[in-house]
2 protein chains.
Amino acid sequence: MGVKYTEFFKMYSDKFGVPEEEWLKLEEVLTEKSFKKGELLTRPGDNFMQLAVVIKGLFRLFYIGQEGREYVKTFRGEGEIAGPYAEILLDIPSRTFIEAMEDSQVLLLSFEDFVKFGEGHQCWKTIRYEMAEEHFVQKEKREFELLQLSAAERYNNFLVEKSHLVDRIPQYHVASYLGITPVALSRILKKIK
Amino acid sequence: MGVKYTEFFKMYSDKFGVPEEEWLKLEEVLTEKSFKKGELLTRPGDNFMQLAVVIKGLFRLFYIGQEGREYVKTFRGEGEIAGPYAEILLDIPSRTFIEAMEDSQVLLLSFEDFVKFGEGHQCWKTIRYEMAEEHFVQKEKREFELLQLSAAERYNNFLVEKSHLVDRIPQYHVASYLGITPVALSRILKKIK
DNA sequence: GCAGGATATTAACCTCGGTTAATTAACTAT
DNA sequence: ATAGTTAATTAACCGAGGTTAATATCCTGC
């Protein structure tokens with residue numbers, strides 16, 4: 001039993017009744033990879049079809065607009081999927097930069113392998129829709145916040161939702177995640193305190 | 001073969017190889033329902049656990065903020081799912097108003113039934129993840145637009161993406177969908193032309 | 001401990017979109 | 001057709017957040 005057996009997978013095992021032998025098969029196709037702080041998992045154009053599960057560390061997913069500005073889509077910490085999920089589903093090259101914000105480790109699982117597993121044991125299909133549904137619900141929440149909340153309110157939500165990550169993320173990246181500039185976030189903080 | 005056999009289901013039949021007998025079983029549990037213009041499919045608090053597929057007509061999904069303002073989440077036309085998808089997945093009461101913008105018809109399929117089918121033939125699980133993945137991709141696109149584009153740019157995208165619906169939706173609802181006021185949209189239109 | 005770079009704060013000014021309210025245009029129904 | 005309602009436009013004013021730039025603070029490596 002190697003390092004590969006993460007909490008992440010045990011969680012699924014309980015939840016979806018993945019039998020022992022399926023886990024062992026899966027382990028065969030997993031590979032581990034390390035990233036130093038600042039290194040990229042993908043950049044736009046990369047053909048990266050892997051669901052990278054974060055074992056340790058923290059990643060930032062962002063794109064760069066025409067004017068060269070960065071837009072942080074989300075952060076992914078331990079137990080979460082750092083790969084370019086939407087692009088993998090759409091079977092297109094990455095549109096996002098995915099950067100390690102700390103020294104990090106991921107477990108790589110090619111989506112192709114994952115799909116093949118789904119043709120075998122049912123449990124993998126279950127995991128597949130659970131994963132998608134969870135991602136959807138998350139995005140709908142974000143839509144709600146972007147549509148309806150002020151930047152200050154979004155910041156408060158962020159503090160609650162990502163409390164475990166707050167002190168690992170510099171303020172200017174938080175600002176970008178909220179859809180505002182670092183200057184604006186600084187102003188908000190001043191008012192709150 | 002009743003009205004129930006819609007294009008929508010035939011589409012899935014081709015795509016995911018749903019066998020004839022599974023369709024027939026499904027048809028048993030489908031019910032059809034009509035809505036007059038202005039009638040509600042759900043309002044917040046309703047326990048509505050049905051994937052309502054639109055056969056004919058157009059629905060508007062929106063919530064109302066604390067200050068009483070409406071926020072249009074999305075529109076659902078023929079072939080799309082009008083039910084409160086996120087809430088169904090989360091197994092919570094509806095948080096949204098879902099209003100028929102025209103005289104409409106939907107095909108009701110309780111999520112419970114749908115899940116039961118998934119325990120039978122595999123194809124239903126496939127449809128389940130396809131549905132979730134499609135919804136996710138859609139929302140990620142919306143996130144991108146809300147984060148990165150100006151209201152004018154979002155309007156242009158809207159014209160392209162929902163070209164088939166544009167002339168069926170009053171301008172002030174489009175504005176709400178874009179996250180701006182009718183006044184602001186009117187100003188944008190003036191500039192463009 | 002110090003130098004250089006990365007983050008954060010603050011101020012001055014600008015722009016986009018919100019708010020209110022008045023006006024006009026477009027639909028409905030009788 | 002006409003009145004009444006609903007939708008869209010326009011104008012005047014305001015405020016949140018963007019932009020630029022200067023300053024201050026915090027890191028990090030040597």
Side-chain angles (χ1 to χ4, degrees), chain A residues 36-40 58 60 62-72 75 97 99-103 143 145-159 165-193, chain B residues 36-40 58 60 62-72 75 97 99-103 143 145-159 165-193:
Chain A
K36 289 242 177 65
K37 179 176 176 173
E39 285 183 342
L40 294 178
L58 179 58
R60 174 172 73 102
F62 65 101
Y63 27 64
I64 297 193
Q66 39 277 30
E67 3 63 52
R69 201 168 143 183
E70 292 185 1
Y71 295 85
V72 173
F75 304 100
F97 292 88
E99 183 202 53
M101 298 176 68
E102 310 169 352
D103 292 352
E143 170 189 62
E145 292 174 351
L146 289 172
L147 261 187
Q148 194 169 147
L149 303 183
S150 69
E153 291 170 311
R154 272 176 273 149
Y155 178 71
N156 283 325
N157 274 17
F158 173 82
L159 288 185
L165 298 180
V166 171
D167 47 350
R168 296 158 72 183
I169 303 175
Q171 200 170 299
Y172 71 111
H173 283 152
V174 173
S176 174
Y177 174 74
L178 298 176
I180 59 177
T181 59
V183 178
L185 180 52
S186 178
R187 267 192 300 236
I188 288 168
L189 290 175
K190 194 181 178 183
K191 272 195 192 167
I192 289 175
K193 283 182 289 193
Chain B
K36 289 241 178 64
K37 179 176 174 170
E39 285 183 342
L40 294 177
L58 179 58
R60 174 172 72 103
F62 65 101
Y63 25 64
I64 297 192
Q66 39 277 28
E67 3 62 55
R69 201 167 142 184
E70 291 186 1
Y71 295 84
V72 173
F75 305 101
F97 292 88
E99 183 203 53
M101 298 176 69
E102 309 170 351
D103 292 352
E143 170 188 64
E145 293 174 350
L146 289 172
L147 262 187
Q148 194 169 149
L149 303 183
S150 69
E153 291 171 311
R154 272 177 273 150
Y155 179 71
N156 283 326
N157 274 16
F158 173 81
L159 289 185
L165 299 180
V166 172
D167 48 349
R168 296 159 73 184
I169 303 175
Q171 199 170 298
Y172 72 110
H173 283 152
V174 174
S176 174
Y177 174 74
L178 297 176
I180 59 177
T181 59
V183 179
L185 180 52
S186 179
R187 268 191 299 235
I188 287 168
L189 289 175
K190 195 182 178 182
K191 272 195 192 169
I192 290 176
K193 283 182 291 196

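Residue numbers begin at 1 in each chain, while the letters A, B, ... track the order of the sequences. The model shown is predicted, which means the values in this text are computed figures rather than measured ones.
Between K37(A) and dC27(D) there is no side-chain polar atom (N or O) within less than 4.0 angstrom of OP1 or OP2. Of the side-chain N and O atoms in T181(B), none sit less than 4.0 angstrom from OP1 or OP2 of dG17(C). Q171(A) has no side-chain polar atom (N or O) that falls below the 4.0 Å cut-off from OP1 or OP2 of dA6(C).
Centroid-to-centroid, the aromatic rings of Y177(A) and F158(A) come within less than 6.0 Å.
Counting to the nearest Å, the P atom of dT9(C) and the NZ atom of K191(A) are 15 Å from each other. What separates CG of L149(A) from P of dG17(D) is a distance of 11 Å, to the nearest Å. Atom P of nucleotide dT24(C) and atom CG of L189(B) are separated by 20 Å, given to the nearest angstrom. Look at CD on E153(A): it is 10 Å from P on dG17(D), rounded to the nearest Å. Between the P atom of dT9(C) and the CG atom of L185(A) lies a distance of 8 Å, rounded to the nearest Å. As a whole-Å value, the separation of I169(A) CD1 from dA8(C) P is 12 Å. Atom CD1 of I180(B) and atom C1' of dC16(C) are 10 Å apart (whole Å). To the nearest angstrom, P of dA8(D) lies 16 Å from CZ of R187(B).
Side-chain atoms of Q148(A) never come within 3.5 Å of backbone atoms of E145(A) as a donor-acceptor pair (strictly under, hydrogens ignored). At least one donor-acceptor pair under 3.5 Å links the side chain of R154(B) to the backbone N or O of L178(B).
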Could you go step by step and tell me if E102(A) and K36(A) meet the salt bridge (charged side-chain N to carboxylate O under 4.0 Å, His left out) rule?
CA-CA 7 Å; E102(A) 310 169 352; K36(A) 289 242 177 65; over 6 Å; no

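Remark on DNA chain D: of its neighbouring residues V183(A) and S150(A), the 5'-side contact belongs to S150(A), judged by nearest-heavy-atom nucleotide.
If you check dT19(D), dT7(C), dT10(D) against the side chain of S186(B), the one that comes closest is dT10(D).
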